[in-house]
Amino acid sequence: MITDGIYSFSRNPAFLAFDCVYVGLLLMYFNWMLLLFSAFAMTMLHLQILQEEQFLFKTFGTTYSDYKNKVCRYLGRK
């Protein structure tokens, strides 16, 4: 399990980047269809993260729990 580098600030840096792209596109080219698509995509990514967190806990146990208590899901440290 990697916990240093960018993973010391975000447990899901790739998904955070995807979310930032969706928000950036909304800011540049706002329309209602893009808003709906972005909200759907961001929701699906979040649901995938929740499933991955369950898998990581089953795989790494307390090591993952300790990491989860130190680093936020999307951005920041606790």
Side-chain angles (χ1 to χ4, degrees):
M1 188 171 80
I2 300 171
T3 60
D4 57 350
I6 195 167
Y7 292 97
S8 65
F9 299 104
S10 173
R11 293 194 319 251
N12 301 287
F15 293 115
L16 176 62
F18 290 138
D19 289 348
C20 289
V21 168
Y22 290 125
V23 171
L25 287 171
L26 279 170
L27 291 173
M28 290 172 42
Y29 307 107
F30 183 82
N31 68 55
W32 293 106
M33 285 301 290
L34 185 57
L35 175 65
L36 292 174
F37 174 78
S38 296
F40 176 76
M42 292 169 74
T43 301
M44 292 296 106
L45 290 173
H46 181 72
L47 293 175
Q48 183 177 347
I49 288 170
L50 295 178
Q51 286 183 335
E52 286 182 3
E53 286 180 346
Q54 291 175 358
F55 169 79
L56 289 168
F57 180 72
K58 288 177 187 174
T59 303
F60 296 105
T62 57
T63 303
Y64 181 70
S65 290
D66 294 342
Y67 172 64
K68 188 176 175 180
N69 290 332
K70 291 179 189 172
V71 180
C72 294
R73 181 177 286 144
Y74 289 105
L75 189 62
R77 294 181 61 88
K78 296 179 181 177

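Counting from 1, the numbers follow the sequence of the chain as shown.
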Query raised in the report: Roughly how far, to the nearest 0.5 Å, is CG of L34 from CG of L26?
Result: 4.5 Å
Requested in this report: Is it possible for you to say whether F15 and I2 belong to one hydrophobic cluster, with membership spreading through side-chain heavy-atom contacts below 4.5 Å?
Outcome: no
Report summary line: OH (Y67) and OH (Y64) are apart, to the nearest 0.5 Å, by 7.5 Å
**Report entry** Common cluster, F40/W32, ILVMFWY with side-chain heavy-atom separation under 4.5 Å
**Finding:** no
Query raised in the report: Is it the case that more than 12 heavy atoms not belonging to L27 sit under 6.0 Å from its CG atom?
Result: yes
Pair up each side-chain donor or acceptor in residues 41-63 with any protein partner under 3.5 Å, not counting sequence neighbours, and list the distances.
| unit_1 | atom_1 | unit_2 | atom_2 | d |
| --- | --- | --- | --- | --- |
| T43 | OG1 | A39 | O | 2.7 |
| H46 | ND1 | Y74 | OH | 2.7 |
| Q48 | NE2 | E52 | OE2 | 3.3 |
| E53 | OE1 | R73 | NH2 | 2.9 |
| E53 | OE2 | R11 | NH2 | 2.6 |
| E53 | OE2 | R73 | NE | 2.9 |
| T59 | OG1 | F55 | O | 2.8 |

Report task. Indicate the atoms forming the closest heavy-atom contact of L75 with L16, along with that distance. Result -> CD1-CD2, 3.9 Å
Query raised in the report: Partners of Y7 by side-chain hydrogen bond (donor to acceptor under 3.5 Å, both in side chains), sequence neighbours excluded?
Result: none
Query raised in the report: If you group Ile, Leu, Val, Met, Phe, Trp and Tyr by side-chain heavy-atom gaps below 4.5 Å, do V23 and Y29 land in one group?
Result: no
Query - Atom pair CG/CZ of N31 and F37 - distance to nearest 0.5 Å - result: 11.5 Å
Report summary line: Scanning both residues in full, the closest heavy-atom pair of S8 with V71 reads O-CG2, 3.6 Å
Query raised in the report: Between CD1 of I6 and CG of N12, what distance do you get to the nearest 0.5 Å?
Result: 11.0 Å
